[in-house]
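Read through the structure below, which is laid out as structure tokens, and then see the notes.
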Amino acid sequence: MGHLDHATFGWLTPVLSYAMACIGAALGLRCTVRALGATGRARRNWLLTAASAIGTGIWTMHFVAMLGFGVSGTDIRYDVPLTVLSLLVAMVVVCAGVFAVGYGRDRTRALLLGGLTTGLGVASMHYLGMAAVRLHGDITYDPVRVGLSVLIAVVAATAALWAALHTTSPVAVTVASLVMGAAVSSMHYTGMFAVSVKVTPSGTALPGVTAMQFIFPLAVGLGSYLFLTSAFVALSPTTGEREASASAQRHDERGAQPGERSGTGTRPARTA
């Protein structure tokens, strides 16, 4: 059995991956709150942004954590198509979950269905990412810990969607995102502790690319997307702010009308 190290860079990758999960969760929750206060195309766009933020945050969390994954006695490579597929899976299933909540008439049913779908999708993303790992040896899993990781994913997804429905203040969203980030990280490391590797030493070159060649640049790019989108959401006005601005504008227009009429009305007739 090869010795598995889940933090070859010390606490850097666990802390950084947790931070990425929290940022994605916070951004996704804020966008969902905006979506629930909007209608039509605006609601759809906010939900799409929420799904991309949460999906990106979860995927980035997973592969930033994988940067610290090492196995003694073998190098590690990653299959590029499977790695990209895991990102697409994360995006699609999270999108299905937030749209179920955003458009569902029965909130309880939508919450349960969305949480189950999203949780299973997050778990699928994780194990697709693990299927992309290439090394000299065989990877096996403890089924009990795998089941536990899937359960954590479903509970975490359901809790996140519930928070999207019931949290509106920035403080509440921050607390919810910290909890969600912890839950997603717990799911990841529970799944990783289910892994065992039987190393078969070999001199042949492994297919795929190293984490630094592909995953690190992609994770940096997606992390930059999260930060830029966070800035956009922070600077864009909320529904309440837009309504207050429109109300103030209407009030100003009504106040200006009498003066405008007096200045442009009929002039009194001149006497001879």
Side-chain angles (χ1 to χ4, degrees), residues 18-61 90-119 121-122 125 152-185 187 222-249:
Y18 171 69
M20 298 308 298
C22 290
I23 292 171
L27 180 56
L29 292 177
R30 290 302 300 164
C31 290
T32 306
V33 170
R34 299 288 185 91
L36 295 176
T39 57
R41 183 181 296 180
R43 171 172 289 197
R44 182 201 64 191
N45 292 341
W46 279 118
L47 289 174
L48 286 173
T49 306
S52 66
I54 297 174
T56 298
I58 292 172
W59 187 93
T60 306
M61 177 272 146
M91 294 287 194
V92 170
V93 297
V94 172
C95 186
V98 297
F99 268 76
V101 169
Y103 287 102
R105 295 182 178 180
D106 185 342
R107 287 291 175 86
T108 301
R109 182 179 179 182
L111 178 63
L112 294 176
L113 179 61
L116 179 62
T117 302
T118 304
V122 169
M125 178 278 298
I152 293 174
V154 172
V155 172
T158 305
L161 294 176
W162 179 90
L165 290 173
H166 296 88
T167 57
T168 56
S169 70
V171 174
V173 168
T174 300
V175 173
S177 64
L178 292 175
V179 173
M180 183 180 173
V184 172
S185 297
M187 177 268 160
L222 292 175
S224 300
Y225 162 77
L226 287 177
F227 281 108
L228 292 174
T229 308
S230 298
F232 167 76
V233 174
L235 294 174
S236 63
T238 64
T239 301
E241 290 171 344
R242 288 195 299 269
E243 291 177 351
S245 177
S247 177
Q249 185 176 1

Legend entry - Sole residue of L113, T118, L111 in side-chain contact (heavy atoms from CB on, under 4.5 Å) with T158: L111

Inset, instruction - Measure from the side-chain N and O atoms of Y18 to the backbone N and O of V184, and report whether any donor-acceptor pair falls under 3.5 Å. - result: no

Legend entry - Where A153 and M187 come nearest, the two heavy atoms and their spacing: CB-CG, 3.7 Å

Inset, instruction - Return the minimal non-hydrogen interatomic distance between L29 and A176, and the atom names on each side. - result: CD1-CB, 3.8 Å

Legend entry - Closest non-hydrogen atom pair, C31 against A50: CB-CB, 3.6 Å

Legend entry - Interatomic spacing from OG in S177 to CD1 in I23 - rounded to 0.5 Å: 9.5 Å

Inset, instruction - Work out which heavy atom in C22 is nearest to a heavy atom in G181; give both atom names and the distance. - result: SG-CA, 3.9 Å

Legend entry - Side chains of V93 and M125 in contact at under 4.5 Å (non-hydrogen atoms): no

Inset, instruction - Using modelled atom types only, decide if a donor and an acceptor are shared between the side chain of R43 and the backbone of G102 within a distance under 3.5 Å. - result: yes

Inset, instruction - Identify the residue among T117, V101, I54 that makes a side-chain contact (heavy atoms from CB on, under 4.5 Å) with L161. - result: V101

Legend entry - A51 to C95 - nearest heavy-atom pair and separation: CB-CA, 3.4 Å

Inset, instruction - With sequence neighbours excluded, tell me which residues meet side chain to side chain contact (heavy atoms under 4.5 Å, CB included) with R44. - result: R41, L48, F99, Y103

Inset, instruction - Search all heavy atoms of I152 against all heavy atoms of A183 and return the closest pair with its distance. - result: CG2-O, 3.6 Å

Legend entry - Pairwise side chain to side chain donor-acceptor pair (under 3.5 Å) hits with a residue in residues 49-58, at least two apart: S52-Y225

